[in-house]
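Just follow the structure's listing: the first ligand is 1, and inside any ligand the first atom is 1. In this text the structure is predicted, and so the values were computed from the model without any measurement. Just the heavy atoms: all of them, side chains too, but no hydrogens, waters or symmetry mates, feed the values below. Positions are given from 1 along the sequence.
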Amino acid sequence: MSPEPGWGAAADSSKAVAAPDPAGFSHPDTLAVLAGRRSGGAELAPSLHPTTTFRIPSLEAGRRMALDPTESCYYTRNGNPTVRAFEEAMAELEGAEAARAFASGMGAVSCVILGLCSSGDHIVAQRQLYSGTQFLLQAVCPRFGIDVTFVDGTEPGAFRAAVRPGRTMLVFAETPANPRLDLVDLEELGAIRGPLKAVDATFAPPSITRPLDYGIDLSIHSATKGLGGHNDATLGVVSGSGELIASLWAFAILQGANAAPFDAMNGLRGLRTLGVRMERQSATALQLAEALSGHPGVAAVRYPGLVSHPQHELAKRQMRMFGGLLAFDLAGGNEAGERFVEAVRLAQVATSLGGPETLVTHSASTTHAGLTPSELEAAGIGPGTIRVSVGLEHGDDVVADLRHAADKATAEIH
Ligand SMILES: *Cc1c(COP(=O)(O)O)cnc(C)c1O
């Protein structure tokens, strides 16, 4: 006797329901929900495979598995089923053939740079970069005999003009870029012939921009940020052609910055809600950028979605939404910046971005406190510059909190 009606109904194959097939549904927000379900099983949440190693079915198979970049059941530093599910999801989202996950965004960035370039090679990079990438290019690359030329990434033709035919191995860009949301024209960058082109698109996940659509060879993300989206996974990822990812794999397994299965699981969990999170954060960031633009204590607001952004037309061409990051300058300089971060009540003072909580940083007194005023200026940071990563709180609350903090920080000057 059946314990309950319906018990055992799954055994009736005439009523089988097909698993979803992402083919034909190409919007990144849809792929974020469907992609990376490699097991083909009935579970909807990702499975965690913490195992470091796997039983080898035969010696011959073991030899083949050890050298196969696509093998995920040999040894976890080479590949892992949970990590591979995240990699497959990212490749689908980016419109790429393959992807490789890393232990952090810097793991991904350093693998691209040191895995592709050798002594005697030349790199063209933009001046506006994440500080870790900047330091790697400026201080570490010369130690390995890799020559780097920095250009202004917002200047038309600047990357191409700096390429040395036959010597430039890599052109490295970031868009939107730290710290002032400068943009790089991806169409122009993608048209450069000769060197490989890599773009760090951490500020614009695939719901917003897909660099490979513009002829870029490698798209890089710190998935610690918006892709993971919950401040609970330290993770990086690089997407591109199968051939390029295989050649990065050969360096990555020696570099050893492989993604942890637990972080990959959280990353995959985060991806499922990418579309709605980006929409909410973009909407609130625009609302906030507009509100702060009209504030008497705010000298300037930088947000790609504002008509006042010098590259707003480019932003409209290559960004589906304008993202959750913005920067603004408080009139009143350093003192106002410090007062601002002390006055926020909803926003939290912390580095990183793309998570559920709205975060603010006053660069001049924290991350860049060691720099002189002229070094700060060269880095695009004013004494009163605040960077905001808009979270998932209600937009009205975020605007009220930051407006109130700006009132308090600049009360004496307006
Ligand atoms: C945070 C960040 C990185 C580094 O990522 P980690 O995961 O912290 O190593 C690289 N690029 C950009 C644009 C970032 O914001």
(message) I'd like to check the salt bridge (charged side-chain N to carboxylate O under 4.0 Å, His left out) partners of Arg403; sequence neighbours left out, ordered by chain and number.
(response) none
(request) Would you check if there is a donor-acceptor pair between the side chains of Asn178 and Arg387 at a distance under 3.5 Å? (result) yes
(message) Filter on salt bridge (Lys or Arg N to Asp or Glu O under 4.0 Å), then keep only pairs touching residues 160-173, sequence neighbours left out; what's left?
(response) Asp147-Arg164, Asp147-Arg167
With a cut-off of 3.5 Å and sequence neighbours excluded, list every side-chain donor-acceptor pair involving residues 22-33.
from, atom 1, to, atom 2, distance (Å)
His27, ND1, Asp29, N, 3.0
Asp29, OD1, Ser207, OG, 2.7

(message) So if I only count non-hydrogen atoms and take anything under 4.0 Å from ligand 1, which residues does that give, chain by chain?
(response)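 The 4.0 Å shell around ligand 1 contains Ser104, Gly105, Met106, Tyr130, Glu174, Asn178, Asp200, Thr202, Phe203, Ser222, Thr224, Lys225, Leu353.
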(message) Here's a test for you: under side chain to side chain contact (heavy atoms under 4.5 Å, CB included), which of Asp263, Val83, Val238, Val109 qualifies with Phe102?
(response) Val238
(message) Take a 6.0 Å sphere around CG of Leu254 and say whether it holds more than 12 heavy atoms from other residues, nucleotides or ligands.
(response) yes
